[in-house]
Amino acid sequence: MSLKVYNSLARTKEDFIPLQRGYVGIYVCGPTVYSHPHVGHGKSYVSFDAMVRYLRYLKYKVRYVQNITDVGHLTDNADAGEDKIAKRAALERLEPMELVEKYTRSYFEDMDQLGVVRPDISPRASGHLIEQMEIIKQLLAKGHAYEVNDSVYFAVRTWPEYGKLSGRDLEELREGTRIEVLPDKRDPVDFALWKRAEPSHILRWPSPWGVGFPGWHIECSAMSMRYLGQTFDIHGGGLDNQFPHHECEIAQSEAATGQTFVRYWLHNNLVTIDGAKMGKSLGNAITLKEVLGRFEAPVVRSFILSSHYRSTLDFSDSALEGAARGLERLWGTVQAVQERLHSGAVANGEADEEFVARLQAHKARFLEQMDDDFNTAGAIGVLFDLTRDVNELLQGEATDQDLHSADKLYRELAGEVLGLLPERGGPAQGEALTPKLIQLLIDLRNEYRAARDFKRSDTVRDKLASIGVVLEDTANGTRWKLARQA
RNA sequence: GGCGCCGUAGCCAAGUGGUUAAGGCGGCGGUCUGCAAAACCGCUAUUCGCCGGUUCGACUCCGGCCGGCGCCUCCA
C-alpha cells in the first residue's frame, strides 16, 4: 500500500515519492488578510490539514509552510485598481499593518477552532521583500524579465512551458485578454513582478527599480523556495488559483532557478452556497465566525472532510445538521468506551481475537482510503463501520483489552489523522464538581427507581433536563450528557 | 468563444469494467426500557441525468444530448 495523490500537473493520480526519503516539504497558499476568513478558507485549510496530519501519521517529517499575504494586491487585476489592504484599512481607519494584524489573528482564531494544526512557518510577504527582489534580479539577469517605467514584467514568451499547469494556450490567452493591456507590457500575457507605486499608493518599498510594490505571484515563489528549497514536494492551493497564480509561480521560479519548482500540485475545489459559487466579490461569502456561531467547530470540520477535497462542497444548514447528528453518534460511542474503561467495573482480560481482527480490518480500510488521494470521505465511512462494531461490543461483556484497543484506534484514526475527536482537556477547577453533583442526582434518582417511585425519579430527570442535562439509562448504568444547544 | 469539472436513494456523499453500488442524515418496523432517550437489528437506489456505441459484460470507457458549475479578472 502506498500513498497516491492527484497531481494537477500530470492530471492524474501518481505515487507520492518525496524528494528526500522520509521528509516532505509542503507549501500552501495562505490567506490575504484584509477581512475575516470565510467558509472557503475553512474547506481549503481543513483539507490540507488532513493531508499534513496523514503524512505525519505515515512518519514523514513534514515542513508545512503557509504564507500570510499582507502586502496589498490590487482589487481589479494585476495592473490597475486599488490596493485591497489599503482600501480596507482606510475604511476601518486603521494603519494597514494594524488591519493585517487584526485579520491575521482572526484567521488563526478560526483555524485553531477548526482543529487545523498551525503551519510550521507562517511567513509574511512583507517580511520577504528582499527574497522577492532577489528572484526578480535573477530573472532580469537571465533575460526573462524587463524593466519599463520603474516596473518589471515577466516576459512570458521567453518561457515556452507557460500554460503547462492550467492547460492554457498562449495564443488563445492573447486573443481572449479581457483586461485592458497596459502599454508598458510587451506582450498582453506578461505579468508584473514589480510595480511602480503611484504617489497615492500607501504600501510601498524602495527597490532597484524605484519605489514600488511586488507583483501578486512573486511572494509565493520567494517564500516557498526560501524555506523549502528550489525544488520541493507539494504545493497546494485553491483551484481558483491554478491560473494565473500558480502558472505564473512556476514560470518565474523555474526561469529563475533552472530547476523544477514543485513536484506535486494539489488543488482543492471550492465552496458553493446553494449551488452557486461563493466569492468575496459576489457578496455571498459566509464567514467562518458566522458558521461557527451556529455549529460546533468539529461539526464544521467533519462536514468539510465528509466530501473529497477535489469536489465542490455546498454549504447548507441541513447538510451541516446531518453532519452534526452523525458526529454526535460517533462521539457517543467514543465516550462510552472511555467511560466503560474508567468505570472500574470492567473485566481484566485478553482482547477478543475476532474483535481485534475486525479492528485491524477497519484500520486497513481506513488507511486504504487515505492512501487514495486523501479520501477523507471514504475514511469517515470506515469510522462509522468501526463504530457499529464497537457499539456491538459495548452491548455485551467487554474486557479492558477490548476497550483499550478500540479506544486506541479511535484516537489514532479519528483523532490524530482526521482531528475529529473533542479535545481531552481537564475541566477547570470549579467545573470539576459538576460531574460529581450530577452523579449524586443520578444515584438519587436510581434509588427512587429501585423503589419504583417513578414520580420522583421522573421529577429528577425532568428537572435536570430543564437545565440542559440529559439522562440515558443503559444496561450498564445511567449516563448523562449536556443537551445540544438549540 | 477557449479550457475544465459535475450530475449516484428524500437530503449529504464515497466508489468500481463483471461477486450484495460505502457511509452519514432523515424515514419506517423491531429489540431493549416503568416511560423515554441512546444503542442495536432489519428495511429504505433491480439502479448510478438521457440516448447511442465499444465490450462476453458499463454506473464505471467512447460519442452526442440535457441540466448544473468553475477557470479564462482579485479570490481558498
**Q** Starting at atom CG of A/Asp169, determine the distance to atom C1' of B/G4, rounded to an integer number of angstrom.
**A** 15 Å
**Q** Would you classify A/Tyr45 as touching base, sugar-phosphate or nothing, given that sugar-phosphate means primed atoms plus P, OP1 and OP2, and contacts are heavy atoms under 4.0 Å?
**A** sugar-phosphate
**Q** Contact list please: residues 299-308 of chain A against RNA chain B, heavy atoms, distance less than 4.0 Å, in numerical order.
**A** A/Ser306, A/Ser307, A/His308
**Q** Assign A/Gly238 to base, sugar-phosphate, or nothing according to its heavy-atom contacts below 4.0 angstrom with the strands shown.
**A** sugar-phosphate
**Q** Considering only atom C1', compute the distance from B/G10 to B/C28 and round it to an integer number of Å.
**A** 13 Å
**Q** Quick one: is the NZ or CZ of A/Arg310 closer than 6.0 Å to the six-membered ring centre of A/Tyr6, and within 45° of its axis?
**A** yes
**Q** Give the nucleotide from the list B/A76, B/A14, B/C72 with an atom nearest to the side chain of A/Asn268.
**A** B/A76
**Q** Within the structure shown, what part of the strands sits under 4.0 Å from A/Gly30 by heavy-atom distance: base, sugar-phosphate, or nothing?
**A** sugar-phosphate
**Q** Check whether A/Phe108 forms a cation-pi arrangement with A/Arg118 (NZ or CZ under 6.0 Å from the six-membered ring centre, at most 45° off the ring normal).
**A** yes
**Q** How far, in whole Å, is B/C48 from B/A38 if one measures between their P atoms?
**A** 35 Å
**Q** Which comes earlier along RNA chain B counting from the 5' end, the contact point of A/Asp240 or that of A/Asp385, where each point is its nearest nucleotide?
**A** A/Asp385
**Q** How would you list all residue pairs meeting salt bridge (charged side-chain N to carboxylate O under 4.0 Å, His left out) that involve residues 38-53 of chain A, not counting sequence neighbours?
**A** A/Asp49-A/Arg53, A/Asp49-A/Arg301
**Q** Is A/Lys481 salt-bridged to A/Glu472, cutoff N-O under 4.0 Å?
**A** yes
**Q** Would you call the rings of A/His246 and A/His267 parallel, tilted or perpendicular, where under 30° means parallel and over 60° means perpendicular?
**A** tilted
**Q** Report yes or no: is the cationic atom of A/Arg449 (NZ for Lys, CZ for Arg) closer than 6.0 Å to the six-membered ring centre of A/Phe454, at no more than 45° off its axis?
**A** no
**Q** I want to confirm an ordering. Mapping A/Phe243 and A/Asp372 to their closest nucleotides on RNA chain B, which one lands closer to the 5' end?
**A** A/Asp372
**Q** Please check if any side-chain donor atom of A/Thr69 sits under 3.5 Å from a side-chain acceptor atom of A/Asn67, or the reverse.
**A** yes
**Q** May I ask you to evaluate whether A/Asn269 reaches the phosphate of B/C5, defined as a side-chain N or O under 4.0 Å from OP1 or OP2?
**A** no
**Q** Taking the C1' atom of each, how far is B/G57 from B/U16, in whole Å?
**A** 14 Å
**Q** Sticking with atom C1', work out how far B/A13 lies from B/U8, rounded to a whole angstrom.
**A** 9 Å
**Q** Ring-plane angle category for A/His41 and A/Tyr45, please: parallel below 30°, perpendicular beyond 60°, tilted otherwise.
**A** parallel
**Q** Please state the P separation for the pair B/U47 and B/C35 - nearest whole angstrom.
**A** 42 Å
**Q** Using a strict 4.0 Å threshold on nitrogen-to-oxygen distance, state whether A/Glu92 and A/Arg88 make a salt bridge.
**A** yes
**Q** By the definition ring-ring contact (aromatic ring centres under 6.0 Å, His included), identify the one residue from A/Trp159, A/Phe191, A/Trp194 that meets it with A/Phe154.
**A** A/Phe191
**Q** Once each nucleotide of nucleotides 31-44 of chain B is scored for protein heavy atoms under 4.0 Å, what B/S/- sequence comes out, 5' to 3'?
**A** ---BBBBSSSS---
**Q** Would you call A/Glu368 and A/Arg365 a salt bridge, taking side-chain N to carboxylate O under 4.0 Å as the test?
**A** no
**Q** Between A/Asp473 and A/Arg445 (salt bridge meaning N to carboxylate O under 4.0 Å), is one present in this structure?
**A** yes
**Q** Please report the distance, rounded to the nearest Å, between CZ in A/Arg11 and P in B/C3.
**A** 12 Å
**Q** The test is side-chain contact (heavy atoms from CB on, under 4.5 Å); show your working for A/Leu394 and A/Leu403 and say whether it passes.
**A** CA-CA 9 Å; A/Leu394 288 169; A/Leu403 295 167; 3.9 Å; yes
**Q** For RNA chain B, produce a single dot-bracket line, 5' to 3'. Pairs: Watson-Crick or G-U wobble, both distances under 3.5 Å. Symbols: ( ) within strand, [ ] crossing, | other strand, . unpaired.
**A** (((((((..(((.....[....)))((((((.......))))))....(((((..]....))))))))))))....
**Q** Does the pair A/Tyr34 and A/Val100 meet the rule for a side-chain contact (heavy atoms from CB on, under 4.5 Å), with working shown?
**A** CA-CA 6 Å; A/Tyr34 67 102; A/Val100 153; over 6 Å; no
**Q** Any salt bridge between A/Lys4 and A/Asp15, counting N to O under 4.0 Å?
**A** yes
**Q** With rounding to whole Å, what would you report as the distance between B/G7 and B/U60 at their P atoms?
**A** 11 Å
**Q** Sub-3.5 Å donor-acceptor pair from the side chain of A/Ser224 to the main-chain atoms of A/Ser221, do we have one?
**A** yes
**Q** I need the residues from residues 311-326 of chain A with at least one non-hydrogen atom less than 4.0 Å from RNA chain B; give them sorted by number, or say none.
**A** A/Ser311, A/Gly322, A/Arg325, A/Gly326
**Q** Suppose you measure atom C1' in B/G18 against the same atom in B/A36; what distance do you get, rounded to whole Å?
**A** 49 Å
**Q** What's A/Gly332 touching, base or sugar-phosphate or nothing? Going by heavy atoms closer than 4.0 Å.
**A** nothing
**Q** Please report the distance separating the C1' of B/G52 from the corresponding atom of B/C43, rounded so that it comes out in whole Å.
**A** 37 Å
**Q** Please list residues of residues 105-122 of chain A whose heavy atoms come under 4.0 Å from any atom in RNA chain B, ordered by number; otherwise none.
**A** none
**Q** One pair to check against ring pair (Phe, Tyr, Trp, His ring centres under 6.0 Å): A/Phe315 and A/Phe303. What are the steps and the verdict?
**A** CA-CA 9 Å; A/Phe315 260 75; A/Phe303 173 62; 5.1 Å; yes
